[in-house]
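One structure is given here, and the rest of the page talks about it.
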Amino acid sequence: MRIALHWQILISLILAILAGIFLPQLVPYVAWTGDVFIRALKMIILPLILGSIISGIIQIGSSDSLGRIGLKTLSYYFLSSLLAIVTGLILVNLFEPGTGISLKTNETINLPNVEDNSIGNLLIEIIPANLFESMAKGEMLPVIFFALLFGFFIARSAEKHKKILGDFFDALFHVMMKLTLFIIRFTPIGIFGIVIKVVAEQDELIDLAGSLGKYMLVVIAGLAIHSLLSLPLVLRIFGLSARKHLRAMRVPLLTAFSTSSSSATLPLTMESAEHGAGIPNKITGFTLPLGATINMDGTALYELVAAMFIAQAYGIEMTITQQIIAVFTALLASIGAAGIPMAGLVMITIVLTAIGLPLEGVGLILAVDRILDMFRTAVNVWSDSCAAAVIAKSEGETTNIAV
Ligand code: ASP
């Protein structure tokens, strides 16, 4: 009997959590499977997104529909992230998880290097000064920017050239999908290696009764409301079934949860969106890579709740204006965050700076960040896949997930 892949992943996840708690001495022997798995996924991302975006754009073809779909996608990303943030804002004001905390602000914080995250810089760096350098550094946005333009001008070239390059990138995309399917088979083993390490490294058990526990519960409740109520409602409005979609997306969702990386999960997200949910490649081709980079509903919600939690912990009363600034910087922070583990934690510094809160506040939330990262990454991937489904539907495409 063959056990379905998502069950294999779930079993591996549970075994890894148990092993991480009771047999942490296993970590040095098994953690390598996680590294191998993540490396294999990273290996395929670049050719996969080049193939998918370029062949997708060529299919979309005319500049009118490209502009329309592009605008629609960006507006959708903006609105769904905003919805997530507002959900977080309501919950954090309602439950005030940070009020009454005793602060230990003298802790030293080892944050990963924060580069120049200013918004202007972010915009300029979308244009790759050297395409190959961007590829080598794994910078997604510049590569996506180039691929969009490249696909657009292939669609506008003489028939002869269009055919050669169109066939080439289509073939590249299909071969990469096959390779993805091959790597997906190893997901349960890879996830075991990743999760056992994460669990074994959590040195303190989290006291769910304490304020940090309350903070975690607020973030998780917000994520649950957004992903299990708000987004399904949006799908419903477009005549799509959230249940069917969830079923189609379970492998990437479990992988996102286990790896805490939307970028690494991207190949699986694309595979399931296309072959499971039946969303055509011309839509997933560019909405998903773009979404994995800039549309992070889970991270957006988390940024806002974390910043408000820190404000509450310092006993700082946030004015309405400050809260509005927090909402928009949380949005920008989520757009700027890379799809890698703990990227959101680094971006928190932007929000804190914008509303004038002490950066040491990050120290407060460090301990539980890795766990929250798992939840928010799953929501990030889920929201990307919902976006792809909604955009496809609004373009009159048929999918496998109609109500
Ligand atoms: N880990 C998240 C992701 O890959 C980003 C974050 O840290 O919030 O989607």
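Keep in mind that what you see is a predicted model, and the values were worked out from it rather than measured. Note that ligands are numbered from 1 as they come in the structure, with each ligand's atoms numbered from 1 the same way.
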Any atom of ligand 1 sitting under 4.0 Å from a heavy atom of S261? yes
Non-hydrogen atoms of S263 versus ligand 1: any pair closer than 4.0 Å? no
How far is [atom] from the closest protein heavy atom, and which atom is that?
atom: atom 7 (O) of ligand 1; answer: G344 N, 2.7 Å
atom: atom 3 (C) of ligand 1; answer: S262 OG, 3.0 Å
atom: atom 1 (N) of ligand 1; answer: D373 OD1, 2.8 Å
atom: atom 2 (C) of ligand 1; answer: T377 OG1, 3.3 Å

Would you say ligand 1 has an N or O under 3.5 Å from any N or O of L345? no
N/O to N/O below 3.5 Å, does that happen between A338 and ligand 1? no
Going by atom type alone, with no hydrogens or angles, which donor-acceptor pairs under 3.5 Å involve a side-chain atom of residues 175-188 and a protein atom two or more places apart or on another chain?
| unit_1 | atom_1 | unit_2 | atom_2 | d |
| --- | --- | --- | --- | --- |
| T180 | OG1 | M176 | O | 2.7 |
| T187 | OG1 | I184 | O | 2.4 |

At what distance, to the nearest 0.5 angstrom, does CG of L74 lie from CD1 of I294?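 Separation between the atoms: 5.5 Å.
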Of all residues at least two apart in sequence or in a different chain, which pass the side-chain contact (heavy atoms from CB on, under 4.5 Å) check with S81?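 In terms of side-chain contact (heavy atoms from CB on, under 4.5 Å), with neighbours along the sequence ignored, S81 is linked to N295, D297, A300, L331.
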Do E397 and K282 sit within salt-bridge range, that is, some charged N less than 4.0 Å from a carboxylate O?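 A salt bridge links E397 with K282.
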Before accepting this row, confirm whether a basic side-chain N of the pair R39/D35 lies closer than 4.0 Å to the acidic partner's carboxylate O.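 Result for this pair is no, no salt bridge flagged.
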Side chain, backbone, both or neither: M342 near ligand 1, heavy atoms under 4.0 Å: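 For M342, the contact with ligand 1 is made by the backbone alone.
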Applying a heavy-atom cut-off of 4.0 Å, say which part of V381 lies close to ligand 1: side chain, backbone, both or neither. neither
Atoms of ligand 1 under 4.0 Å from any heavy atom of T299, numbered from 1 in the order shown, are 5 (C), 6 (C), 8 (O)
Provide the number and element of each atom of ligand 1 under 4.0 Å from a heavy atom of S260. 1 (N), 4 (O)
Tell me if the CD atom of Q25 is crowded by more than 12 foreign heavy atoms within 6.0 Å. yes
Please determine which of L288, L268, D384, L266 meets the side-chain contact (heavy atoms from CB on, under 4.5 Å) test together with P252.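 Between P252 and the candidates, side-chain contact (heavy atoms from CB on, under 4.5 Å) is satisfied uniquely by L268.
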Would you call the rings of Y215 and F309 parallel, tilted or perpendicular, taking 30° and 60° as the class edges? parallel
